[in-house]
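What follows is a short report on a single structure.
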Amino acid sequence: MRGKHIILGVTGGIAAYKSAELVRRLVERGAEVQVVMTASAREFIGPTTFQALSGRPVRDSLWDSAAEAAMGHIELARWADVVLVAPASADFLARLTHGRADDLLATLCLATDAPIVVAPAMNRLMWANAATQANVATLRSRGVRLLGPGSGAQACGEVGEGRMLEPQELADHLAMLLVDSGPLSGRKIVITAGPTREAIDPVRFVTNRSSGKMGFAVAQALREADAEVVLISGPVHLPTPPGVRRIDVESAAQMADAVQAELAGTAIFIGTAAVADYRPEVFAEKKIKKTQQRLELALARTPDILAGVAASADRPFVVGFAAETDAVERHAREKLVRKKLDMIAANEVGACKAFDCEDNSLLVLWDNGRAELPHSPKLELARALVRLIIERWQAQGGDAVGEHAGQTR
Ligand code: C5P
């Protein structure tokens, strides 16, 4: 979002308080944000907050001669790379549908050729009302993009659809929309994430402590870079990042099958999944009864999905992960060589490190190089890793159009 110009329209709704947080999320990503408020928005939140957070005086009137002299409303409409209205009230959606130009924000929406994105927020019955739904359908047909609304508890005490999406979600969606076509544009990338479950009997399984957070963050960062992302995930409790195609699996064998089925046309393969290394040798069709004092479970190796992809003909660029409890660099480099990977991202696990945490750090290795990505939130780390992957993939000529079958164009 660096250097992108965003007009953030704030209309009258209780969710307007969340827009302050939204400004922070957008500015944090390097965007320039100009807040434009409607008269009713000012009943919910003051412009000083937005001015402080965006570093620009808020615009709210067509008739402010000083502001118009600095940047007239038509210039402002041209300045925008995107207009995001959040929250978008029922009244604003109606005015937008009818092409009204009765205040600054509505006028800007008429006068801009930048994409318009709205994040509706209103009472569930106002949202469900036929008039609002007809307006929304018209706006959609004209190319206006809708983000949300989500459902849940509402400020009015009711529960249902009509909540504005959270600022972080809105910022993520917008980042995707603003991406310039980069080296990953349209390239297919397959990524595995999460743990696998290896069934013992119909009610029990062997698994591990992976939450899937790192893999999902990498999938999101790849999608932000405009790649076509296929996320093959074991059982996790995480929402699918916007724009990512997700395939859910349970066992290592199912994950291996799903990867095989998706491999054609894949430019880059990333294995972040904590695949179970062993599965119970036999699956008991019926629940095992606790009649014995000791029970031995014979285990058999699961297929190494990552090594399998790296050994395939016309292999894509292959990135592995390594979770190590000791001698991280030595073990990771040994894995890089043994599995014939192009790159490996290693981290230290154990004692509340890496698994199920929000933050992480990575040591990234390739044939004759290394990079340390410092401790940071997993999404930031994922973005830094994606930058490195792009660099190495390009250095290997992976982005040369049609050079080998691992590419989609
Ligand atoms: O050998 P180790 O399990 O430590 O290797 C970790 C890397 O290999 C990860 O990228 C993981 O996703 C991948 N892996 C795999 N299939 C397995 C075991 C590991 O793809 N059966």
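Just follow the structure's listing: the first ligand is 1, and inside any ligand the first atom is 1. Quick note: residue numbers are just sequence positions, from 1.
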For ligand 1, list all ligand N or O to protein N or O distances below 3.5 Å, rounded to 0.1 Å.
unit_1: ligand 1; atom_1: 1 (O); unit_2: K339; atom_2: NZ; d: 2.9
unit_1: ligand 1; atom_1: 4 (O); unit_2: K335; atom_2: NZ; d: 2.4
unit_1: ligand 1; atom_1: 5 (O); unit_2: K339; atom_2: NZ; d: 2.9
unit_1: ligand 1; atom_1: 8 (O); unit_2: K339; atom_2: NZ; d: 3.1
unit_1: ligand 1; atom_1: 10 (O); unit_2: G271; atom_2: O; d: 2.5
unit_1: ligand 1; atom_1: 10 (O); unit_2: F321; atom_2: N; d: 2.8
unit_1: ligand 1; atom_1: 10 (O); unit_2: F321; atom_2: O; d: 3.3
unit_1: ligand 1; atom_1: 12 (O); unit_2: G271; atom_2: O; d: 3.3
unit_1: ligand 1; atom_1: 12 (O); unit_2: A273; atom_2: O; d: 2.6
unit_1: ligand 1; atom_1: 16 (N); unit_2: I305; atom_2: N; d: 3.0
unit_1: ligand 1; atom_1: 20 (O); unit_2: L306; atom_2: N; d: 2.9
unit_1: ligand 1; atom_1: 21 (N); unit_2: P303; atom_2: O; d: 2.8

* To do: From the options L341, D342, L306, select the one residue that forms a side chain to side chain contact (heavy atoms under 4.5 Å, CB included) with F269.
  => L306
* Asked: Should the pair R392 and F317 be classed as cation-pi, given the thresholds of under 6.0 Å to the six-membered ring centre and 45° from the axis?
  -> no
Residues 33-40 side chain polar contacts: donor-acceptor under 3.5 Å, at least two apart:
unit_1: Q34; atom_1: NE2; unit_2: P57; atom_2: O; d: 2.9
unit_1: T38; atom_1: OG1; unit_2: A41; atom_2: N; d: 3.3

* Asked: Is the backbone N or O of R197 less than 3.5 Å from a side-chain atom of T207, with the two atoms forming a donor-acceptor pair by type?
  -> no
* According to the salt bridge (charged side-chain N to carboxylate O under 4.0 Å, His left out) rule, which pairs have a member within residues 4-15, sequence neighbours left out? -> K4-D180
* Could you pull out all residues at least two apart from R140 that satisfy salt bridge (charged side-chain N to carboxylate O under 4.0 Å, His left out)? => none
